[in-house]
Engineer: 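Structure provided below as structure tokens; questions to follow.
A quick note: this is a predicted structure, and the numbers were derived from the prediction, not measured. All ligand and atom numbering here is 1-based and tracks the order in the structure.
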Amino acid sequence: MLVIIGKDYDGMSREAANIVADRIRRKPNLVLGLATGSTPLGLYRELIRMYKGGSLSFSKVITFNLDEYIGLPRTHTQSYAHFMQENLFKHVDMDPHYIHIPDGLANDIDAHCEWYENEIQRWGGIDLQIVGIGANGHIAFNEPGSSLGSRTRIKTLSQQTIEDNMRFFKKKDEVPKFAITMGIGTIMEAKEVLLLASSSNKADAIKAAVEGPITAMVPASIIQMHRKAYVILDREAAAKLTQQYEQR
Ligand code: PGA
């Protein structure tokens with residue numbers, strides 16, 4: 001696990017973007033796992049800047065998003081499909097045929113989850129997976145207590161996650177309570193994992209994930225078992241770490 005501490009949010013985003021861009025340049029048909037949320041926005045902005053500057057193309061990149069809310073159509077402004085469209089896809093030369101996001105309106109959710117797993121395999125597995133971390137230590141929607149070997153499935157969101165998400169919805173009862181999420185086992189099979197965290201409200205979760213014991217109560221702590229993981233932080237998210245790490 002390589003922990004890299006950027007000077008600030010923009011520095012962290014640039015570090016992450018340089019890794020993603022390098023992998024795409026080396027393998028134009030990279031299978032790239034994507035995350036939503038506020039944390040990767042700077043990374044996506046940086047990738048868009050590289051595309052617009054002519055130094056990066058997404059035309060052959062295959063993407064798989066980590067998760068999606070159940071019950072929201074893709075066009076809903078809070079769906080992750082909409083988020084990805086607005087914050088990355090529509091600004092770059094992605095081929096829409098290569099975009100994969102779980103379908104929150106699937107009739108048979110179990111069958112859909114199985115299809116999603118098979119589809120990842122059909123493309124040769126995820127080369128690089130971007131993940132965020134919740135204040136409660138979750139990765140994707142794998143909340144504390146999730147099996148460390150779990151696969152793509154339906155999950156009930158924790159109360160904390162529902163409260164964290166409340167700011168995005170007009171009314172409390174509009175906030176989805178269920179999601180489809182890649183499992184921890186699915187994420188761990190990615191050849192490389194890039195975990196991003198910024199700001200002080202993630203400092204406890206980062207301390208637990210990076211320097212605490214590996215436990216299902218802090219799902220992100222499984223990253224300690226990954227053979228090729230990067231944890232890219234800003235100074236605030238790194239504030240509670242006690243070991244020495246690379247400062248950029
Ligand atoms: P955030 O969410 O990037 O909006 O903080 C990350 C997460 O909950 O995984």
Side-chain angles (χ1 to χ4, degrees), residues 6 8-13 15-17 20 33-47 64-70 72 77-84 86-88 101-102 104 126 128-146 148 150 152-153 155-169 175-184 186-188 190 193-210 216-223 226 229-240:
D8 52 19
Y9 179 72
D10 289 343
M12 178 200 88
S13 300
E15 292 292 339
V20 176
L34 295 171
T36 52
S38 51
T39 313
L41 284 174
L43 157 64
Y44 296 155
R45 270 197 296 271
E46 194 64 20
L47 292 175
F64 282 91
N65 265 79
L66 285 170
D67 44 17
E68 178 62 282
Y69 291 121
I70 292 205
L72 297 188
T77 54
Q78 293 308 323
S79 76
Y80 288 168
H82 185 266
F83 175 101
M84 289 311 307
E86 291 302 307
N87 293 299
L88 180 64
I101 301 176
I126 293 170
L128 174 63
Q129 177 67 58
I130 297 159
V131 290
I133 182 171
N136 64 359
H138 74 199
I139 36 173
F141 276 129
N142 297 286
E143 301 288 10
S146 294
L148 297 178
S150 51
T152 303
R153 68 212 184 292
K155 282 294 284 180
T156 307
L157 307 187
S158 73
Q159 199 50 40
Q160 177 164 6
T161 300
I162 292 171
E163 277 160 26
D164 286 351
N165 286 341
M166 214 103 76
R167 64 189 194 277
F168 300 117
F169 292 83
V175 186
K177 299 189 177 52
F178 303 96
I180 296 174
T181 181
M182 272 189 210
I184 299 174
T186 321
I187 294 167
M188 285 294 284
V193 175
L194 207 163
L195 188 151
L196 291 177
S198 110
S199 89
S200 54
N201 69 325
K202 299 293 173 69
D204 286 323
I206 284 296
K207 165 75 182 157
V210 173
M217 293 315 290
V218 183
S221 63
I222 194 69
I223 196 147
H226 198 279
Y230 301 85
V231 178
I232 306 187
L233 310 169
D234 64 7
R235 296 232 163 102
E236 292 174 7
K240 295 200 173 164

Engineer: Please name the pair of heavy atoms, one in F83 and one in G37, separated by the smallest distance, quoted to 0.1 Å.
Structural biologist: CZ-O, 3.2 Å

Engineer: Once you restrict to heavy atoms under 4.0 Å, what part of I133 touches ligand 1? Side chain, backbone, both or neither.
Structural biologist: backbone

Engineer: Considering only heavy atoms of T39, which atoms of ligand 1 have at least one such atom less than 4.0 Å away?
Structural biologist: 1 (P), 3 (O), 5 (O)

Engineer: So which heavy atom in the protein is nearest atom 2 (O) of ligand 1, and how far is it from that ligand atom?
Structural biologist: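 Result: K202 NZ, 4.1 Å.
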
Engineer: Counting only nitrogen or oxygen atoms and a 3.5 angstrom limit, does T36 reach ligand 1?
Structural biologist: no

Engineer: Just which atoms of ligand 1 are under 4.0 Å from any heavy atom in G37?
Structural biologist: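 Taking each heavy atom of G37 in turn, ligand 1 has 3 (O), 4 (O) under 4.0 Å.
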
Engineer: Does any non-hydrogen side-chain atom of D67 lie less than 4.5 Å from one of K155?
Structural biologist: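 Side chain of K155 against side chain of D67, heavy atoms only: no contact under 4.5 Å found.
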
Engineer: Enumerate the atoms of ligand 1 whose separation from the nearest heavy atom of H138 is less than 4.0 angstrom.
Structural biologist: 7 (C), 8 (O), 9 (O)

Engineer: May I ask you to list the atoms of ligand 1 that are less than 4.0 angstrom from any heavy atom of G132?
Structural biologist: 9 (O)

Engineer: Looking only at heavy atoms, which two atoms of S158 and N136 are closest? And how far apart?
Structural biologist: OG-ND2, 3.3 Å

Engineer: To the nearest 0.5 angstrom, please state how far the CZ atom of R45 sits from the CG atom of L88.
Structural biologist: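 R45 CZ to L88 CG: 12.0 Å, rounded to 0.5 Å.
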
Engineer: Please step through side chain to side chain contact (heavy atoms under 4.5 Å, CB included) for the pair I206 and E236, ending with a clear verdict.
Structural biologist: CA-CA 10 Å; I206 284 296; E236 292 174 7; over 6 Å; no

Engineer: Apply ring pair (Phe, Tyr, Trp, His ring centres under 6.0 Å) to F141 and Y69, showing your working.
Structural biologist: CA-CA 9 Å; F141 276 129; Y69 291 121; 5.7 Å; yes

